[in-house]
Engineer: 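The structure follows.
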Amino acid sequence: MAQAKTLTDKELKKVLNFISCHKHASRNRAMLLVTHWAGMRVGSVAALKIVDVLGEDGTIRNEVRLAADQVKGGRA
């Protein structure tokens with residue numbers, strides 16, 4: 001199977017600019033950047049919970065470990 005096309009920096013900026021003018025811009029920007037930078041699938045991003053991303057002290061985790069039910073293939 002061929003590798004999916006990824007956005008160029010110019011294309012990413014264009015999409016982010018479009019998102020900024022619409023409702024829920026912060027949420028949509030975060031979701032787009034997680035899919036782009038982390039290579040996560042939309043379904044995995046949608047399944048994220050706050051505890052997956054933030055530590056007990058409220059800081060962003062260096063590594064996100066997803067449960068088997070949050071990812072394609074069923075492996076954590």
Engineer: Within a reach of under 6.0 Å around NZ of Lys5, are more than 12 heavy atoms found that belong to other residues, nucleotides or ligands?
Structural biologist: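 Yes, the 6.0 Å shell around NZ holds more than 12 heavy atoms from other groups.
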Engineer: Starting from Phe18 and following side-chain heavy-atom contacts under 4.5 Å between hydrophobic residues (I, L, V, M, F, W, Y), which residues can be reached?
Structural biologist: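 The other cluster members (ILVMFWY side chains, heavy atoms under 4.5 Å, direct or chained): none.
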Engineer: For residues 23-40, tabulate all N or O donor-acceptor pairs below 3.5 Å that involve a side-chain atom, not counting sequence neighbours.
Structural biologist:
unit_1	atom_1	unit_2	atom_2	d
Asn28	ND2	His24	O	3.4
Thr35	OG1	Met31	O	3.4
Thr35	OG1	Leu32	O	2.7

Engineer: What distance separates Thr6 OG1 from Glu11 CD, expressed to the nearest 0.5 Å?
Structural biologist: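 Going from OG1 on Thr6 over to CD on Glu11, the span is 8.5 Å.
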Engineer: Should we count CZ of Arg41 as having more than 12 external heavy atoms under 6.0 Å?
Structural biologist: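 At most 12 heavy atoms, drawn from other residues, nucleotides or ligands, come within 6.0 Å of this atom.
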Engineer: Please tell me whether Ile60 and Leu48 are part of a single hydrophobic cluster in this structure, the criterion being side-chain heavy atoms less than 4.5 Å apart.
Structural biologist: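 Same hydrophobic cluster.
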Engineer: I'd like to know whether CG of Asn62 has more than 12 heavy-atom contacts from other residues, nucleotides or ligands below 6.0 angstrom.
Structural biologist: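 Check fails, neighbour count at 12 or below.
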Engineer: So if you build clusters from Ile, Leu, Val, Met, Phe, Trp, Tyr with side-chain heavy-atom gaps below 4.5 Å, do Val51 and Val53 land together?
Structural biologist: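 No, separate clusters.
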